[in-house]
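What follows is a short report on a single structure.
Everything numeric here is computed off the predicted structure, so don't read it as measured data.
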Amino acid sequence: MSRALEHEFSSLVRETRKEHVGNGPREITTRFIGTWAISEMKGNLTNVEKFMIKSPDGERMVREARTSLIKKIYENPELVKKFEELVGAKIIRMFSDINIEEDIAMTIFVFVGNLEEKSR
């Protein structure tokens, strides 16, 4: 049951990224650990972003835009509700970052309650 719910969570993250960023990650893995849902995403950058990161200013701009945009997306109460309903717990905070050089992004959702217990 746990892996199935983690897979559903990953699908919702991918769908959200695709809708708001223009493309979803090539690979995504989510794991529930205690109160955390940790989503690791590979292959996030668009072709335009890959071109932009060839310069130091472009790399900085892409990183700042990506982290700001992702945080802004998850301020939408309707979207937050989808994640909360999926796992049966309330989100209390979210952290997001991207490693531009490796094209790996991480988003950590912090929920009230142990997700490992809820997903059994």
**Item:** Distance (rounded to the nearest 0.5 Å) between Met61 CE and Glu49 CD
**Value:** 10.5 Å

**Request:** Enter the distance from Ile28:CD1 to Ser11:OG here, rounded to the nearest 0.5 Å.
**Result:** 8.0 Å

**CZ on Arg60 to OG on Ser55, rounded to 0.5 Å** = 9.0 Å

**Request:** Side-chain contact test, heavy atoms from C-beta onward, threshold under 4.5 Å: evaluate it for Leu69 versus His20 and give yes or no.
**Result:** no

**Message:** A side-chain contact here means heavy atoms from C-beta on lying under 4.5 Å apart; do Thr16 and Val13 qualify?
**Reply:** no

**Item:** Closest approach of Arg66 to Asn44 (non-hydrogen atoms, all atoms of both residues)
**Value:** NH2-O, 2.7 Å

**Request:** Any chance you could measure Phe109, atom CZ, to Phe32, atom CZ, to the nearest 0.5 Å?
**Result:** 10.0 Å

**Request:** Looking only at non-hydrogen atoms, find the nearest pair between Leu45 and Asn23 and report the distance.
**Result:** O-ND2, 4.0 Å

**Prompt:** Looking at side-chain heavy atoms only, is the closest gap between Ile38 and Thr30 below 4.5 Å?
**Reply:** no

**Prompt:** In terms of the angle between their ring planes, are Phe9 and Phe111 parallel, tilted or perpendicular, with boundaries placed at 30° and 60°?
**Reply:** perpendicular

**Prompt:** How about Val80 and Glu75: do any of their side-chain heavy atoms sit closer than 4.5 Å?
**Reply:** no

**Message:** When you compare the side chain of Arg31 with that of Glu6, does any pair of heavy atoms fall below 4.5 Å?
**Reply:** yes

**Request:** Test Thr107 against every option in Glu40, Arg17, Lys71 by the side-chain hydrogen bond (donor to acceptor under 3.5 Å, both in side chains) rule and name the one that passes.
**Result:** Arg17

**Message:** Within the 4.5 Å heavy-atom criterion, are Met106 and Ser96 side-chain neighbours or not?
**Reply:** no

**Separation between CD of Glu8 and CG of Leu86, rounded to the nearest 0.5 Å** = 5.0 Å

**Message:** Please report the interatomic distance CD1(Ile91) to CZ(Phe83), rounded to the nearest 0.5 Å.
**Reply:** 6.5 Å

**Message:** Do Pro25 and Arg14 make a side-chain contact, defined as non-hydrogen atoms from C-beta onward lying under 4.5 Å apart?
**Reply:** yes

**Request:** Side-chain contact test, heavy atoms from C-beta onward, threshold under 4.5 Å: evaluate it for Leu115 versus Trp36 and give yes or no.
**Result:** no

